[in-house]
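Read the structure below first, then the notes.
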Amino acid sequence: MKVYKFGGASVKDADGVRNVVDIINSIDERVFVIISAMGKTTNALEGVLESFYNDQKEEALAKLQTIMDNHNKILANLYGYPYIPKKILFFYQELENIITVHDPSNRRYEMWYDLIVSYGELLSTAIISDYMKSREISNRWIDMRTCFVTNNRYKDANIDIQTSSKRLLKIVNSSSEPVLIGQGFIGATLDGVTTTIGREGSDYSAAVAGAILNAASVSIWKDVDGILNGDPKIFKDAQLIPELTYVDAIELAYSGAQIIHPKTMKPLQNKNIPLYVKCFLDKNKPGSVIKKDIEKPIDVPIYILKHKQILMTIAPKDLSFVLEEKFADIFTTLQKHHVKTNLIQSSAVNLSLCIDYTRYLDEIEKEFEAAGYSVISRPNMELLTIRGFIEEQAEQFETAEEVYLTQRTKQILRVVRTAGQKA
Ligand code: ASP
Ligand code: MG
């Protein structure tokens, strides 16, 4: 058994779907396929959610119509005539119902998020499964909400691998189809309430499926040649890294490299399952592989840029700085609001944190103020990490005018700066 994962870009239109189906069809062993929402559907559904949550129901329905039109267009192109499979009509109706029937103030934002945004993956997988059947490629569509059990941390749920294991194995072992198709990104609580596991989480879904099924390998199909030493859209002369260890990959993903979701490596490392990153535009290209032992260590600097950062500087108003004692309070507050901290730097009188953008910034600031801290937040920042930096380069990055904070270890240089700088 192998696991293949296809991201949104690979199924953004009918040609993409055909290509993905050809790749799946060319494998001669059993395959479990994890697929994301088509193209930018997840963003579009987030738009529907915003309107719904602000009680702009008409606007939400209009946005939903655009999403349905996009999917219908892909379907019509795939079949050569207007056709909407039953399951798709059913999902459209469920979405319309959620918007029209429910009062958004009845549930927390995060719960609505999962309920609405999860349909992107339900739609894409159902369309692809049906289309494969129409081409007589035997496959089974699996609703991952019945397999992946998560906690109830909505919008950022964790998969309970042990409980999920039993459920997934039962379904896989009781079916005979050579191709199994499931959604990335989604799951459900034990009570059956839909959850999502964080943006770009489909890689993690694929890794968990791979670990549970003891897959021979997991392949993530992307629109790039493999893992490069920088985002080619930002860093010129980006080079392919053919082999990485799990630890290399975890560090890269943690620093914000948009190659693979940071959680992906652990389940695979535990079972020593290799992870391939392949290009869906040309399946014969070698790509990159992440595994336990590699022959040649990485010998190029790696550039990682993390967008949408806030630099927050926190200082006790009374200058009573026994910082260590205050750390726990500060992080408890951040944890409560699900804030991701990417860099920490302390001085005698303050603590600087580079955090992911959060919609709760105002609340967090108020809580810190109430607890006796003064807070300065600088939004619109970005965090550049260079692993294996070259000394001559370092200074140029550190001294640029837009830089607010730098941090250095022997191996790693990190720079917090105003967003939108040239690499
Ligand atoms: N569709 C979700 C997203 O765009 C999950 C994923 O693609 O991994 O974030
Ligand atoms: Mg996606």
Side-chain angles (χ1 to χ4, degrees), residues 3-13 16-17 20 32-50 63-64 66-68 70-71 74 91 95 109-110 112-129 142-145 147-148 150 153-159 181-188 194-210 218-224 227 231 249 253 256-268 275-280 306-308 338 340 356-357 359:
V3 172
Y4 277 7
K5 180 260 167 172
F6 293 95
S10 68
V11 290
K12 70 176 195 304
D13 53 26
V17 172
V20 161
F32 196 100
V33 185
I34 292 281
I35 307 178
S36 301
M38 292 174 153
K40 302 277 179 220
T41 304
T42 303
N43 293 352
L45 284 164
E46 286 183 348
V48 172
L49 168 78
E50 287 303 323
K63 288 180 179 173
L64 174 60
T66 309
I67 295 173
M68 297 191 296
N70 278 338
H71 286 81
I74 293 175
F91 289 146
L95 269 168
Y109 172 85
E110 285 80 5
W112 288 122
Y113 183 100
D114 289 358
L115 209 56
I116 290 175
V117 176
S118 54
Y119 278 90
E121 272 69 14
L122 291 169
L123 289 170
S124 67
T125 50
I127 288 175
I128 291 161
S129 166
I142 295 175
D143 186 336
M144 296 306 284
R145 296 173 300 181
C147 308
F148 278 176
T150 73
R153 194 177 151 115
Y154 297 102
K155 199 166 176 274
D156 190 23
N158 267 321
I159 301 174
I181 298 181
Q183 308 76 37
F185 184 55
I186 74 173
T194 304
T195 51
T196 67
I197 60 172
R199 286 303 305 262
E200 305 304 326
S202 297
D203 292 345
Y204 181 57
S205 303
V208 171
V218 172
S219 302
I220 294 182
W221 295 84
K222 299 182 71 84
D223 59 356
V224 288
I227 297 177
D231 180 344
Q258 299 245 304
I259 33 162
I260 299 164
H261 194 279
K263 285 187 194 165
T264 310
M265 256 58 72
K266 190 164 163 259
L268 299 177
L275 174 67
Y276 292 89
V277 179
K278 298 271 289 177
C279 179
F280 63 75
K306 215 173 167 117
H307 302 281
K308 289 176 93 174
H338 297 187
K340 292 215 168 78
D356 277 356
Y357 166 81
R359 59 188 287 121

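Predicted model, so just to flag it, every value in this text is computed and none were measured. Read the numbers this way: they start at 1 and go in the same order the structure lists the ligands and their atoms.
Set against the non-hydrogen atoms of Glu121, the atoms of ligand 1 under 4.0 Å away are 1 (N), 2 (C), 5 (C). Remark: ligand 1 atoms within the under-4.0 Å shell around heavy atoms of Ser36 are 6 (C), 7 (O), 8 (O). The distance from ligand 1 to the heavy atoms of Thr42 drops below 4.0 Å at these ligand atoms: 1 (N), 2 (C), 3 (C), 4 (O). Within the listing of ligand 1, atoms 5 (C), 6 (C), 7 (O), 8 (O) sit less than 4.0 angstrom from a heavy atom of Ser202. Of all the atoms in ligand 1, the ones that sit under 4.0 Å from a non-hydrogen atom of Arg199 are 3 (C), 4 (O), 9 (O).
Val11 and Ala37 get closest at one heavy-atom pair: CG2-O, 4.4 Å.
Of the N or O atoms in Lys5, none lie within a sub-3.5 Å distance of an N or O in ligand 1. In terms of polar-atom proximity, defined here as any N/O pair under 3.5 Å, Gly201 does make such a contact with ligand 1.
Counting non-hydrogen atoms of other residues, nucleotides and ligands closer than 6.0 Å to NZ of Lys63 gives a total above 12.
Judged by the shortest distance from any of its heavy atoms, His261 lies outside the 4.0 Å radius around the atoms of ligand 1. Between Gly184 and ligand 1 there is no heavy-atom distance shorter than 4.0 Å.
Using a 4.0 Å cut-off between charged side-chain N and carboxylate O, Arg359 and Glu46 make no salt bridge.
Side-chain contact between Ile142 and Thr125 is absent, with no heavy-atom pair separated by less than 4.5 Å.
Between the side chain of Ser124 and the main chain of Glu121, a donor-acceptor pair closer than 3.5 Å is present.
Residues passing the side-chain contact (heavy atoms from CB on, under 4.5 Å) test with Lys5 are Ile34, Ser36, Ser202, Asp203, Ala206, Ile220, sequence neighbours excluded. Applying the side-chain contact (heavy atoms from CB on, under 4.5 Å) criterion to Lys155, with sequence neighbours excluded, gives Tyr109, Glu110, Tyr113, Asp114.
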